Amino acid sequence: MGSMVPFAKMNGLGNDIVVIDMRGRSDAVTAEAAVALARGDRTGFDQIMAIHDSKTQGVDYRIDILNRDGSRAQACGNGTRCVVQALAAETGRKSFTFKTLAGILTAEEHADGLVSVDMGRPEFAWDKVPLSEEFHDTSRIELQIGPIEAPVLHSPAVMSMGNPHAIFWVSEDVWSYDLERFGPLLENHPIFPERANISIARVTGDASLDLRTWERGAGLTRACGSGACAAAVSAARTGRTGRTVTVTLPGGPLRIEWREDDHVIMTGPAEWEFSGRVDPVTGEWQADEVAA
Ligand SMILES: N[C@H](CCC[C@H](N)C(=O)O)C(=O)O
């Protein structure tokens, strides 16, 4: 096998994550390796979080995020919590700064084991989402799907959390919508030149939401951290809730706070499953022998 590096299979509320340690290397995890790992019987993942040395003064690590389909993403909330838990276990430190395509993130592991990530500021401008057409009010844009006379989903809120999100507000149970059918059509809609993460959200109280997400480059996942941030911001922005909400995803709850300084703070768990070694070029991997 080529040169192998350590990895850990983890998850954030069931969002399947593979954390790969690329520190000390000058190459990157290849899309081919991502697609090969995705086919693994135990390494099936939604995102890869590759930890690289930071070249930025004052920033601990650079994080490279790949989706299951090999595409790169700017942000992954659940994956970032997994990275924090892995690094805290390795270093004994509790707080970290990361350079990502979405900017510099700060994160910390709390005494109760939960992890908070400052996911930065939402971007509402149409050309920052980005959209392929100009919309002045991105809190609800003209987009619908389903029969013209009775669209099933329509008028989403769109924004960037570093990555593009469309939030469709619904009044029925979020499980009563065929997201598996509508998700890929909306993910690849021409209005989204960089594709988009597609979420269905429902207000369940003045501080609680239900959310399901069809993720760009990954499909249906059990949780989407940046999607939960986008839904919380959209809810607060439109007066549906306050600025701190509990978002219940298929995999469990996240606490999201859209602070008055515009930063969005996501708090939730991370879980380690097993470790191994992987070739970041080919995707060949082997699990570490677990001590008997
Ligand atoms: N599929 C997303 C990246 C992962 C988002 C999600 N797993 C999260 O926890 O934020 C994208 O291409 O923008």
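Read the numbers this way: they start at 1 and go in the same order the structure lists the ligands and their atoms. Computation of the quantities below employed the complete heavy-atom set of this structure, encompassing side-chain atoms and omitting hydrogens, waters and symmetry-equivalent molecules. Please read all numbers here as calculations on a predicted model, not as lab measurements.
In the vicinity of Ala73, heavy-atom distances shorter than 4.0 Å reach the ligand 1 atoms 3 (C), 11 (C), 12 (O), 13 (O). Heavy-atom proximity to Ala75, at under 4.0 Å, picks out these atoms of ligand 1: 3 (C), 4 (C), 5 (C). Within ligand 1, the atoms closer than 4.0 Å to a non-hydrogen atom of Glu215 are 1 (N), 2 (C), 4 (C), 5 (C), 6 (C), 7 (N), numbered from 1 in the order shown. Ligand 1 places these atoms under 4.0 Å from at least one heavy atom of Asn67: 1 (N), 2 (C), 3 (C), 11 (C), 12 (O). Those atoms of ligand 1 that come under 4.0 Å of a heavy atom in Asn78, given as number and element, are 9 (O). Heavy-atom proximity to Cys76, at under 4.0 Å, picks out these atoms of ligand 1: 4 (C), 6 (C), 7 (N), 8 (C), 9 (O), 10 (O).
Contact between Asn197 and ligand 1 is present, with at least one heavy atom of the residue lying under 4.0 Å from the ligand. The shell of residues lying under 4.0 angstrom from ligand 1, judged by heavy atoms, includes Asn15. Ligand 1 does not have Gly217 within reach: every non-hydrogen atom of the residue lies 4.0 Å or more from it.
Taking the six-membered ring where tryptophan is involved, the planes of Phe274 and Trp285 are tilted, since the angle between them lies from 30° to 60°. Classified by interplanar angle (parallel below 30°, tilted 30° to 60°, perpendicular above 60°), the ring pair Phe96/Tyr61 is tilted.
For Arg212 and Trp175, the positive end sits near the middle of the six-membered ring, less than 6.0 Å away and at most 45° from its axis.
The closest side-chain heavy-atom distance from Ile200 to Thr213 is not below 4.5 Å. When side chains are defined from C-beta on, Ser199 does not count as touching Phe168, because their heavy atoms never get closer than 4.5 Å.
The residue from Arg81, His110, Glu257, Glu109 that alone fulfils the side-chain hydrogen bond (donor to acceptor under 3.5 Å, both in side chains) condition with Ser116 is His110.
In terms of N/O distances under 3.5 Å, ligand 1 is not approached by Ala218. Where the criterion is an N or O separation shorter than 3.5 Å, residue side chain and backbone included, Pro164 fails it with respect to ligand 1.
Shortest non-hydrogen contact noted between Gly44 and Lys9 is O-CE, 3.3 Å.
Atom 9 (O) of ligand 1 has as its closest protein heavy atom Gly225 N, 2.8 Å. Nearest protein heavy-atom contact of atom 10 (O) of ligand 1 is Ser226 OG, 2.6 Å.
Classification of Asp64 and Arg72 as a salt-bridged pair holds, one side-chain N sitting under 4.0 Å from a carboxylate O.
No donor-acceptor pair closer than 3.5 Å links the side chain of Arg255 to the backbone N or O of Thr267.
Only the side chain of Gln47 comes within contact range of ligand 1, with a heavy atom under 4.0 Å; no backbone atom does.
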